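First the structure, in the form of structure tokens, and then the observations on it.
Chain naming here is simple, since letters A, B, ... match the order of the sequence lines and numbering starts at 1 in each. This is a predicted model, so every value here is computed, not measured.
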Amino acid sequence: MIVEMKNIRKQFDGQEILKDISFGVDSGEVVSIIGPSGSGKSTLLRCATFLETIDGGEILYMGKKAAHTDASGKTQYVSHKELREFRSYCGLVFQQFNLFPHYSVLKNLTDAPVEVQGRRRQDAEETAMELLRKMGIADKADAYPYQLSGGQQQRVAIARALAMRPEILFFDEPTSALDPELTGEVLRVIRQLAEEKMTMVVVTHEMAFARAVSSRVIFMDGGVIVEQGEPDEVFGNPRMERTKQFLRVFER
Amino acid sequence: MTLSTMLSTMAAGMLRTSLIFVLTLVGSLPLGMAVALLKKSRFAAVRGIVRVFISVMRGTPLMLQLLVWYFGPYYLFRWSIRGWRFPALILGFILNYAAYFAEIYRGGIESMPVGQYEAAEVLGYTRSQTFLRIILPQVIKRIMPSITNEVITLVKDTSLAFTLAYQEVFSLAKQISASQTSFMPFVIAGVFYFVANYLVAFAMERIEKMMDYYR
Ligand SMILES: Nc1ncnc2c1ncn2[C@@H]1O[C@H](COP(=O)(O)OP(=O)(O)OP(=O)(O)O)[C@@H](O)[C@H]1O
Ligand SMILES: [Mg+2]
């Protein structure tokens, strides 16, 4: 298992947003998370990538505990220093890209590998160029984010996350901020990564994409996992009434 | 007094005015950042002190502050203030401008989208790396127009040094004008301030242009 989330609880202002959620991701798996707005999908990803702290449960990466709830019911995280190692296992691609606007595309991809991981600049630049070629934007290496289309920016953001060589990559609605005609180019690179057996968790509203690319689909609603399974099962033959209801909205 | 002796006498004042200007910026630009960061301190006492400092600095006239820094040590502690004129002057200017700059920095820092912090956090940047590499460069670009305003105000504010009878351009102009019953010194001083402001505005515009490579 790359990551295991066990009995995760999270509340905001006394309201439970994640209610006892458990799931794990194996190496090479592509897991899609679908569900209505407000069901806690983003919160789950933010807990997994340590942007939010959990109120209860356990988070393990590579079999090592990053956080757990102790006997007294308090949730303990490993030290700040150790947490940085756990952060290096996971990458996150945001809906809004969040590129660094003052850095060129190349610098967006090399700065963290050099400054955080201590890699040699030349190595980092080679890796970065290779990734940009893969994303089909090698000619944009010297451009600044504002000069790129949304689809190109999101591909840079994916490359930036990959440049850190994470074990697993999380995506939070990577195409939701894009014009419809630009979603294809981003979905294509994610699909390509899936074929290369990159371990990924993708929160998405692109049902056709989720069905085609994922090895497993999780349907979340109201802070719980309602149903999960192979995409053909969940989409073709959902067991839960709530899942059927949700999917019906996407049919036309 | 001929125009050329008038000019050469006032040139010394121009130099002193420039000295106030440069020392104030060199001191207050970094100090303002320290004040802005302390305002976000974990300790409520520190935040409280900083808040009082900023509101006093901004809520009272700079002229009064200069008088307090200069005469304060004598009236409070009966200390001799010989040789204290120039240090008191610079101290007063630096602290006053640091307060204004601190508020500009704070506004700039708070205007940064949270996504920049989150992206940096996920990539494993430490807090200080995040601030120095990701946040600060963008903040500087955002606040440059406000900094320019403040710097131009400073050019004119240097004339407040006359309060402590420091012989900068404005004080000299007043003295020479009185002794020579001539309007000319004021014209010279006016031209000096105008040209100084023009140069400052030009320099600031260049700096803003340098940061125009991204949006
Ligand atoms: N920082 C926060 N403070 C308070 N409430 C929050 C915070 N973040 C999320 N919430 C609440 O938690 C709930 C779940 O939010 P979350 O963003 O995880 O949903 P989501 O499934 O990602 O929805 P969407 O499909 O709209 O992105 C929402 O009701 C939201 O208002
Ligand atoms: Mg969301």
Item to check | Between A:Y144 and B:Y213, ring centroids under 6.0 Å | outcome: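 Yes, the ring centres sit under 6.0 Å apart.
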Close side-chain approach of [X] and [Y], heavy atoms under 4.5 Å:
| X | Y | value |
| --- | --- | --- |
| A:Q96 | B:P113 | no |
| B:T126 | A:H80 | no |
| B:K141 | A:H102 | no |
| B:Q138 | A:P101 | yes |

Counting heavy atoms not belonging to [X], are there more than 12 under 6.0 Å from its [atom1]?
| X | atom1 | answer |
| --- | --- | --- |
| B:Y198 | OH | no |
| A:R121 | CZ | no |
| A:Q122 | CD | no |
| A:D142 | CG | no |
| B:E110 | CD | yes |
| B:Y74 | OH | no |
| A:E130 | CD | no |
| B:R85 | CZ | yes |

Value rounded to 0.5 Å, distance of [atom1] in [X] from [atom2] in [Y]:
| X | Y | atom1 | atom2 | answer |
| --- | --- | --- | --- | --- |
| A:F50 | B:E118 | CZ | CD | 15.0 Å |
| B:E121 | A:R84 | CD | CZ | 11.5 Å |
| A:E115 | B:L123 | CD | CG | 12.5 Å |

Checking [X] against chain B: side chain, backbone, both or neither under 4.5 Å from a heavy atom?
| X | result |
| --- | --- |
| A:L99 | backbone |
| A:R46 | side chain |
| A:K107 | side chain |

Next on the checklist: Parallel, tilted or perpendicular: which one describes the rings of A:F100 and B:Y125, with boundaries at 30° and 60°?
Outcome noted: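 If you compare the ring of A:F100 with that of B:Y125, the planes turn out perpendicular.
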Item to check | Nearest atoms (heavy-atom pairs only) where B:R133 meets A:Y103 | outcome: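 Heavy atoms only, the tightest pair is O-OH, 3.3 Å.
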Next on the checklist: Strictly distance-based, threshold 3.5 Å: is any side-chain N or O of A:Q147 a donor or acceptor partner for the main-chain N or O of B:Y214?
Outcome noted: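 Such a contact is absent between A:Q147 side chain and B:Y214 backbone.
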Item to check | Worked verdict on A:F170 versus B:V122 for side-chain contact (heavy atoms from CB on, under 4.5 Å) | outcome: CA-CA 11 Å; A:F170 294 88; B:V122 171; over 6 Å; no
